[in-house]
Peer 1: 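Take this structure, written in structure tokens, and hold onto it; I'll ask about it next.
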Amino acid sequence: METLRRRSPEFDSLIRAGPRLGPLKQAHARLIVAGHGRTLPLVTKLATLAVAAGAAPYAHLLAASHPSCDSFLLSSLVRAAAHRGLPAAALAFYRRLLTAALPLSSFSFTAVAKACADLSALRIGMAVHAHSILLGFGSDRFVQTAMVALYCKCGQLPVARKVFDAIRDRSVVAWNAMISGYEQNGLSERAIEVYREMQVAQVVPDSATFVATLSACAQAGALDLGREVERHIVSEKMDVNVFLGSALVNMYARCGLVYNARNWFDKLQARNVVTWTSMIAGYGMHGHGREAIKLFHLMRHEGPTPNDVTFVAVLAACAHAGLVTEGHDAFDSMKRVYGLVPRAEHYCSMVDMYGRAGLLDDAMQFIRDTIPEKPGPEVWTAMLGACKMHKNFNLGVEVAERLIALEPENPSHRVLLSNIYALSGKMYHVEKVRNTMIKSRLKKQIGYSLIDLGGTAHLFRMGEKSHQQTREIYQYLEELIHRISDAGYIPETDSVLHELEEEEREVALRYHSEKLAVAYGLMMSNGSTAPIRIIKNLRICGDCHLAIKFMSSVENREIIVRDKHRFHHFKDGKCSCLEYW
DNA sequence: GTAGGGTTAG
């Protein structure tokens with residue numbers, strides 16, 4: 001039987017004041033008058049609430065002026081500060097604990113680990129970890145879990161995994177930390193593996209598990225698993241909170257089912273700025289600029305206040321749909337109505353938007369007149385893309401040279417420059433740029449395409465030969481290329497000269513990763529007519545874009561490709577992007 | 001006389 005103890009009226013008055021500084025100060029005054037100004041438990045509660053109210057200095061004063069300030073008081077403050085998003089204050093309270101030579105508890109370590117995680121302070125975090133082991137907390141599950149989260153936040157996944165593996169009897173929270181850690185570091189496949197391991201271990205997942213796993217699905221384009229998680233949520237009648245709701249919307253949008261995303265969006269009880277932004281970004285990625293703008297107007301009318309991220313989504317949507325006027329208005333209202341300061345991403349989207357629409361002069365004028373100080377490399381990259389798209393080679397060369405001067409060590413700028421030279425027929429210059437690259441051993445990003453079949457992701461790199469069915473896949477692709485050639489496909493050999501930051505020029509276009517992935521998807525479909533879904537890490541190249549249009553028509557199959565920037569829905573020989581990349 | 005770890009968008 002648990003004994004119910006009545007709380008003192010003083011304690012109750014603190015609880016009533018809550019994490020609000022004004023009422024807390026009044027309560028503090030009453031404590032002093034009642035002769036409780038030094039009663040440690042009450043001071044502890046008061047100081048903790050003060051931190052929760054954001055008033056760390058006030059709490060600090062309370063702690064410092066107490067003659068017998070104890071470990072409990074200070075570790076409560078560490079925890080409250082870490083929890084309240086005041087990691088620097090949390091570290092300061094932790095240092096007081098150390099300098100006062102007070103005993104440390106597992107509570108102090110979990111709290112300070114979170115503070116280090118929020119600061120991505122790896123060195124301090126490692127010292128804290130070592131200290132915790134030294135004091136005998138090395139096998140405390142709570143401390144271990146906090147360390148997993150810490151190493152994940154600092155990008156030290158192998159270390160995190162080692163700590164995770166050493167936890168005996170891992171709680172659902174430990175699993176969640178590991179899944180989300182992989183996902184947040186771009187290792188969505190690993191995140192999915194851990195989710196599967198968790199199922200095998202028969203640990204009951206909670207909503208945080210699903211949030212992290214759905215994010216991994218969104219990243220990896222793992223639609224089947226995303227649906228599996230959704231079925232679980234529905235059949236278990238789980239409460240779909242704002243996190244889970246946003247994760248579902250995001251998963252469907254990024255897996256290519258923008259209507260399912262909207263369905264969830266409409267159904268959700270709780271929506272915040274993240275939910276709205278995900279939905280708008282989803283429309284944008286699919287080239288549904290009008291829908292994005294419509295939803296944005298609805299948001300302004302009856303939704304939460306848009307933030308800087310919302311505007312990234314809105315401007316990108318306008319850029320991908322050629323909605324120049326709308327984008328211009330949005331950019332204007334972002335500054336004037338919402339007082340937001342545009343960042344590089346916003347400027348980029350604007351340049352991209354003018355550029356794609358062929359308004360190169362407007363884009364240049366925007367760069368000159370609207371962007372304060374010197375535009376970054378991203379802006380010039382967007383400008384260069386526009387020059388290439390609209391075949392303005394002189395301007396393109398000028399822009400590419402600026403880029404190289406700005407970031408000489410970045411290989412993709414040189415690839416872009418060599419493409420521009422190639423496009424304008426200056427093959428001598430192409431060779432020169434390539435030789436510089438070879439000499440300085442600059443390597444470009446390697447392109448790959450993913451296809452998810454029956455819950456397993458198959459990864460293809462250009463010229464890939466490591467797949468078990470390599471021979472069949474290449475043979476299938478050869479036949480497929482014959483069939484589309486009969487239908488009128490002529491390889492865009494100058495496509496080397498198109499979107500080529502992506503894949504090696506020497507290798508024949510036909511072995512580009514997306515073609516291999518599509519061939520594999522078609523080969524393995526066994527009479528299924530479900531759309532083929534491909535995820536590509538870079539932008540799709542012009543020749544592949546053309547070839548897949550033909551494939552969709554010859555094979556009478558919907559093919560959906562998500563590239564670095566957007567979705568391409570290929571159907572009946574057409575693509576939803578309407579050549580508007 | 002009190003507290004613990006994990007959680008979404010570009």
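The structure presented is a predicted model; accordingly, all values stated were derived computationally and were not measured. To find a chain, count down the sequence lines: A is the first, B the second, and so on, and within it residues start at 1.
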Peer 1: May I have the distance from A:Met198 (atom CE) to B:dG6 (atom C1'), rounded to whole angstrom?
Peer 2: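 To the nearest whole Å, that distance equals 11 Å.
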Peer 1: Thinking salt bridges, do A:Arg190 and A:Glu193 make one under a 4.0 Å N-O criterion?
Peer 2: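 Salt bridge: yes.
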Peer 1: So A:Ser106, base contact, sugar-phosphate only, or nothing? Heavy-atom distance under 4.0 Å.
Peer 2: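 Result for A:Ser106 = base.
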Peer 1: May I have the distance from A:Ile233 (atom CD1) to B:dT7 (atom C1'), rounded to whole angstrom?
Peer 2: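 These atoms are roughly 13 Å apart.
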Peer 1: Counting side-chain heavy atoms from CB outward, which of B:dT2, B:dG5, B:dG6 is closest to A:Thr110?
Peer 2: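 The answer is B:dG5.
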Peer 1: Categorize A:Ala212 for me: base, sugar-phosphate, or nothing, with a 4.0 angstrom heavy-atom threshold over every strand shown.
Peer 2: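 It contacts nothing in the nucleic acid.
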Peer 1: With A:Lys114 as the cation and A:Phe109 as the aromatic partner, state whether NZ or CZ is under 6.0 Å from the six-membered ring centre and within 45° of the axis.
Peer 2: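 Verdict for A:Phe109: no cation-pi partner in A:Lys114.
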Peer 1: Measure centre to centre between the rings of A:Trp175 and A:Tyr195, then say whether the value is under 6.0 Å.
Peer 2: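 No, they do not, as the ring centres are separated by 6.0 Å or more.
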Peer 1: Tell me what A:Asp140 touches on the nucleic acid: a base, only sugar-phosphate, or nothing, going by heavy atoms under 4.0 Å.
Peer 2: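 The residue A:Asp140 makes base contact.
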Peer 1: By nearest atom, which of the nucleotides B:dG5, B:dG6, B:dA9 is closest to the A:Phe142 side chain?
Peer 2: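 Selected nucleotide (nearest to the side chain): B:dG5.
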Peer 1: Identify whether a stacking contact exists between A:Trp175 and B:dG6, where the ring centres must be under 5.5 Å apart and the planes under 30° apart.
Peer 2: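 Base of B:dG6: not stacked against A:Trp175.
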Peer 1: Could you please name the option among B:dG6, B:dT8, B:dG4 that lies closest to any side-chain atom of A:Ala208?
Peer 2: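 Per side-chain heavy atoms of A:Ala208, the pick is B:dG6.
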Peer 1: Checking all strands, does A:Ser246 fall into the base, sugar-phosphate, or nothing category for heavy-atom contacts under 4.0 angstrom?
Peer 2: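 A:Ser246: base contact, heavy atoms under 4.0 Å.
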Peer 1: May I have the distance from A:Glu378 (atom CD) to B:dG10 (atom P), rounded to whole angstrom?
Peer 2: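 After rounding, the reported distance stands at 18 Å.
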Peer 1: Would you jot down, in residue-number order, the residues of residues 71-88 of chain A having a non-hydrogen atom under 4.0 Å from DNA chain B?
Peer 2: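 Within this stretch, A:Phe72, A:Arg79 sit under 4.0 Å of the strand.
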Peer 1: Do the side chain of A:Ser180 and the base of B:dG6 come within less than 3.5 angstrom through a donor-acceptor pair of N or O atoms?
Peer 2: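 By the distance-only test, no, there is no pair.
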Peer 1: With a non-hydrogen cut-off below 4.0 angstrom, is A:Arg170 in contact with a base, only sugar-phosphate, or nothing?
Peer 2: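 If one applies the 4.0 Å heavy-atom cut-off, A:Arg170 turns out to touch nothing in the nucleic acid.
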Peer 1: Would you mind reading off the distance between A:Lys153 atom NZ and B:dG6 atom P, rounded to a whole angstrom?
Peer 2: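 The answer, rounded to whole Å, is 8 Å.
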Peer 1: Under 4.0 Å, heavy atoms only, any strand: does A:Thr48 hit a base, just the sugar-phosphate, or nothing?
Peer 2: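 Nothing, no heavy atom under 4.0 Å.
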Peer 1: Let me know the distance between CZ of A:Phe107 and P of B:dA3, rounded to the nearest Å.
Peer 2: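 The distance from CZ of A:Phe107 to P of B:dA3 comes to 9 Å, rounded to the nearest Å.
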Peer 1: How about A:Arg290: does its CZ atom have over 12 heavy atoms from other parts shown lying under 6.0 Å from it?
Peer 2: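 Counting other residues, nucleotides and ligands, CZ of A:Arg290 stays at 12 neighbours or fewer.
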Peer 1: Determine whether the aromatic ring centres of A:Phe296 and A:Trp276 lie less than 6.0 Å apart.
Peer 2: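 Not under 6.0 Å, so no.
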Peer 1: For the base of B:dG5, is there a side-chain donor-acceptor partner from A:Asn176 under 3.5 Å away?
Peer 2: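 By the distance-only test, no, there is no pair.
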Peer 1: Is there a donor-acceptor pair closer than 3.5 Å between any side-chain N or O of A:Glu378 and the backbone N or O of A:Glu345?
Peer 2: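 No: the side chain of A:Glu378 does not pair with the backbone of A:Glu345.
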Peer 1: Return the value, rounded to whole Å, for the distance between atom CG of A:Leu104 and atom C1' of B:dA3.
Peer 2: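 Taking CG of A:Leu104 and C1' of B:dA3, I get 15 Å after rounding.
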Peer 1: Any idea which heavy atoms bring A:Ser207 and A:Asn241 closest together, and the distance?
Peer 2: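 For A:Ser207 and A:Asn241, the tightest heavy-atom pair comes out as OG-ND2, 3.8 Å.
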Peer 1: Where the side chain of A:Val211 is concerned, which of B:dG6, B:dT8, B:dA9 is the nearest nucleotide?
Peer 2: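 Per side-chain heavy atoms of A:Val211, the pick is B:dT8.
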Peer 1: Report, as yes or no, whether the 6.0 Å neighbourhood of atom NE2 on A:His66 holds more than 12 heavy atoms from other residues, nucleotides or ligands.
Peer 2: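 Yes, the 6.0 Å shell around NE2 holds more than 12 heavy atoms from other groups.
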Peer 1: Is A:Arg79 close enough and on-axis enough to A:Phe107, meaning under 6.0 Å and within 45°, for cation-pi?
Peer 2: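 No, A:Arg79 does not sit over the ring of A:Phe107.
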Peer 1: More than 12 foreign heavy atoms under 6.0 Å from NE2 of A:His569: is that the case here?
Peer 2: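 It does: A:His569 NE2 has more than 12 such atoms within range.
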Peer 1: Please state how far atom CG in A:Asn272 lies from atom P in B:dT7, giving the value in whole angstrom units.
Peer 2: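 The distance from CG of A:Asn272 to P of B:dT7 comes to 16 Å, rounded to the nearest Å.
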Peer 1: What is the separation between atom CZ on A:Phe243 and atom P on B:dG6, rounded to the nearest whole Å?
Peer 2: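 So the two atoms are 13 Å apart, to the nearest Å.
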Peer 1: Got a sec? Which of residues 286-313 of chain A come in under 4.0 Å of DNA chain B, heavy atoms?
Peer 2: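 Within this stretch, A:Asn307, A:Val309, A:Val312 sit under 4.0 Å of the strand.
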Peer 1: Quick check on B:dG10: is either OP1 or OP2 less than 4.0 Å from any side-chain nitrogen or oxygen of A:Arg343?
Peer 2: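 No.
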Peer 1: Verify the neighbour count for atom NZ of A:Lys294: are there more than 12 heavy atoms of other residues, nucleotides or ligands below 6.0 Å?
Peer 2: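 Atom NZ in A:Lys294 is not crowded, with 12 or fewer foreign heavy atoms closer than 6.0 Å.
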Peer 1: Tell me what A:Gln184 touches on the nucleic acid: a base, only sugar-phosphate, or nothing, going by heavy atoms under 4.0 Å.
Peer 2: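 Contact class for A:Gln184: sugar-phosphate only.
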